[in-house]
Amino acid sequence: MKKKFQHIMVGALCIVMLLSLAACGSSKPLSSPDAGAASSNNSTNRKSDEPIYLSDMLEADGPQIWYEVEEKAIPGKDSTISLVYVFEDGKVTVYNPNNPSNSKIRTLGDVSKLTDDEILEMLMQGYLENDQKIKDDFFEKYESSVLTEEGIYQMLTEEFDKEPLIALERLYVMANLYESTEIAAILPEYETLYNSGAEKSKYEPLLRSCAQIAGVKMNEMATTQIAAFKDMENRRGPSSYDYVLNVLTDSTGNETKSEKIIYSFDSYNEPVQFNFSINGDTSLLSQFALNEEIYTVHEGFFHCNGRYTEGTVYDTNYGGFFNTGNDKIFVTELSESLIISTPDQHKTPMLDTPKTPGVTVD
């Protein structure tokens, strides 16, 4: 169910406060600062004077959804979401919502109207649909560009008929492309025939040999790339990776100045379109090829500078931290166990301290 932010008024009696918290406890309980993993009962044990650290929020039970938002100040309904982070069981999955399939989760106003389950379902569906589009586009372009041995031989003979030097230039390109010592070994013989004014029939065995070598190389590349896409078909969602919370301290070394959330994510390696221009003509050999690895794993981070921000979007409250270096904020939906308000206090989440268990320091 959608968790709505509620202010809890605490009366004079401590027992009243505890009973109130127990009655409307969050479905995402938080751990105490001194505890390791999150406990399903911690939200009812939290005291009003206990700090709420960033690590508590990320390590709470169930998927914790955070948003990297393009915003200079307070989060609002029109704040644009650039990335979505889902933290669970010590790992994070990073989604890019900016594809057509995720058109319903572009702003905080969009996600404020959805449950967590609906958001997660849309993120996954968008990812899978985008994967399918990538595969379809690849095969459409790849199948139309891969040449067989016979096709390569025909290309070479047509170029030879135009001018033997054009075919020779093509062979040099192919030797470099495929890193083929076999094609490179044929080039001196071709040049000898050209310098001697030999007839076309003398060249034909050389052209046929080069076409055969290039055809084998193309087939090897095709096999590797198609196998990679078969592996891609077995992938039912983005990968989750470990993350690190890194506390940076002030000049004393005792107080937190800022905190980095360091994470890994993978990105699709765009296929490379090889166009081999011979005297401006690119039509005869255009090979669509993919990097051997479909995905590359990158490291990213969000650098929280300690400035806290909070805002209401329709009936939902979002809170989080400003980024160091650009106009972005890192926010999540605030449930009733995250903020405790009393007549004298409005407690907000804070960055971890150098003594928080599990964080790295400087």
Side-chain angles (χ1 to χ4, degrees), residues 2-5 26-31 38 52-71 74-77 79-98 102 105-112 114-124 126-127 238-247 258-265 299-313 316-324 326-335 337-339 348-352 356 358-359:
K2 188 70 174 176
K3 300 179 297 300
K4 296 182 178 179
F5 175 80
S26 170
S27 61
K28 293 181 178 180
L30 299 172
S31 63
I52 302 172
Y53 293 118
L54 177 60
S55 58
D56 290 323
M57 301 173 76
L58 301 184
E59 294 168 4
D61 285 347
Q64 305 299 308
I65 306 174
W66 285 71
Y67 306 97
E68 183 176 311
V69 176
E70 307 282 346
E71 185 58 69
I74 297 172
K77 66 180 179 64
S79 298
T80 302
I81 299 170
S82 54
L83 290 174
V84 182
Y85 304 80
V86 181
F87 295 86
E88 187 171 19
D89 297 330
K91 295 183 180 294
V92 62
T93 307
V94 182
Y95 293 88
N96 182 350
N98 298 305
N102 287 328
I105 49 176
R106 297 293 176 82
T107 66
L108 288 181
D110 294 335
V111 297
S112 70
L114 303 170
T115 66
D116 283 0
D117 287 343
E118 288 171 333
I119 293 168
L120 294 172
E121 183 179 352
M122 286 185 179
L123 288 171
M124 181 62 73
Y127 179 90
S239 297
S240 299
Y241 295 97
D242 294 335
Y243 65 91
V244 174
L245 296 178
N246 177 229
V247 170
S258 62
E259 183 171 3
K260 286 184 178 180
I261 304 162
I262 304 171
Y263 58 88
S264 296
F265 65 98
E299 184 177 279
F301 65 87
F302 194 94
H303 192 176
C304 302
N305 65 13
R307 290 175 56 210
Y308 179 78
T309 182
E310 184 179 318
T312 301
V313 179
T316 305
N317 275 46
Y318 293 93
F321 302 94
F322 284 93
N323 187 49
T324 299
N326 56 31
D327 296 328
K328 289 186 177 182
I329 55 177
F330 185 63
V331 298
T332 188
E333 178 186 337
L334 299 176
S335 60
S337 65
L338 297 184
I339 304 294
T348 59
M350 58 191 295
L351 299 182
D352 292 289
T356 300
V359 304

Novice: OG1/Thr332 to CZ/Phe87 distance, rounded to the nearest 0.5 angstrom?
Specialist: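 Answer for the OG1-CZ pair, Thr332 versus Phe87, is 9.5 Å.
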Novice: Quick one: does Pro238's side chain get under 4.5 Å of Val94's, heavy atoms only?
Specialist: no
Novice: Please test Asn326 against Glu70 for side-chain contact (heavy atoms from CB on, under 4.5 Å), starting from the C-alpha separation and ending with a verdict.
Specialist: CA-CA 9 Å; Asn326 56 31; Glu70 307 282 346; over 6 Å; no
Novice: Got Phe302 and Lys328 here, is their nearest side-chain heavy-atom distance under 4.5 Å?
Specialist: yes
Novice: Let's go through Tyr53 and Leu245 carefully: what are the C-alpha distance in whole Å and the side-chain angles of both, what is the deciding distance for side-chain contact (heavy atoms from CB on, under 4.5 Å) to 0.1 Å, and is it a yes or a no?
Specialist: CA-CA 11 Å; Tyr53 293 118; Leu245 296 178; over 6 Å; no
Novice: Name the residue from Val86, Val84, Thr93 that meets the side chain to side chain contact (heavy atoms under 4.5 Å, CB included) definition with Leu120.
Specialist: Val86
Novice: What pair of heavy atoms forms the shortest contact from Leu114 to Met122, and how long is it?
Specialist: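 Here Leu114 and Met122 meet closest at CD1-SD, 3.9 Å.
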Novice: Tell me, do Asn246 and Val359 make a side-chain contact under 4.5 Å, heavy atoms counted?
Specialist: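 With C-beta onward as the side chain, the pair stays apart.
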Novice: On the 0 to 90° scale, with breaks at 30° and 60°, tag the Tyr67-Tyr318 ring pair as parallel, tilted or perpendicular.
Specialist: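 Perpendicular.
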Novice: Shortest non-hydrogen contact from Val331 to Pro75?
Specialist: CG1-CG, 4.5 Å
Novice: OH of Tyr241 to CZ of Phe265: how many Å apart, nearest 0.5 Å?
Specialist: 10.0 Å
Novice: State, yes or no, whether a side-chain contact exists between Leu83 and Asn96 at a heavy-atom distance under 4.5 Å.
Specialist: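 Yes, side chains in contact.
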Novice: Judged by atom type as modelled, is there a donor-acceptor pair below 3.5 Å linking the side chain of Asp56 to the main-chain atoms of Ile52?
Specialist: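 No; judged by distance alone, with no hydrogens or angles, the pair does not exist.
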Novice: Nearest 0.5 Å, please: how far is CE in Met350 from CZ in Phe321?
Specialist: 8.5 Å
Novice: Keeping the roles fixed (side chain from Gln64, backbone from Gly62), state whether a donor-acceptor pair exists under 3.5 Å.
Specialist: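 Looks like yes, one N/O pair under 3.5 Å.
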Novice: Answer yes or no: are there more than 12 heavy-atom neighbours, outside Glu118 itself, under 6.0 Å from its atom CD?
Specialist: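 Check passes, neighbour count above 12.
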Novice: Can you confirm whether Val247 sits close enough to Thr356 that some side-chain heavy atom of one is under 4.5 Å from a side-chain heavy atom of the other?
Specialist: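 Result no, sub-4.5 Å side-chain heavy-atom pair not found.
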Novice: So do Lys77 and Ser112 actually touch side chain to side chain, heavy atoms under 4.5 Å?
Specialist: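 The answer is no; the side chains never approach within 4.5 Å.
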Novice: With a 4.5 Å heavy-atom cut-off, do Trp66 and Leu54 have their side chains touching?
Specialist: yes
Novice: If every non-hydrogen atom of Pro97 is compared with every non-hydrogen atom of Ile105, which pair is closest and at what distance?
Specialist: CB-O, 3.8 Å
Novice: If you look at every heavy atom in Cys304 and Ser258, which pair is closest and at what distance?
Specialist: O-CB, 3.1 Å
Novice: Are Phe330 and Tyr85 an aromatic pair by the rule of ring centers under 6.0 Å?
Specialist: yes
Novice: Measure the CD1-CG distance between Ile329 and Leu108 for me, rounded to the nearest 0.5 Å.
Specialist: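 Result: 7.0 Å between the selected atoms.
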Novice: Compare every heavy atom of Ile74 with every heavy atom of Gly311, then report the nearest pair and how far apart it is.
Specialist: CA-CG2, 3.6 Å
Novice: Any donor and acceptor pair, going by atom type alone, linking the side chain of Thr309 with main-chain N or O of Gly320 inside 3.5 Å?
Specialist: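 No, because the side chain of Thr309 does not come within donor-acceptor range (under 3.5 Å) of the backbone of Gly320.
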Novice: Rounded to the nearest 0.5 Å, how far does CZ of Arg307 lie from OG1 of Thr324?
Specialist: 9.5 Å
Novice: Once rounded to the nearest 0.5 Å, what's the spacing between atom NZ of Lys91 and atom OG of Ser264?
Specialist: 10.0 Å
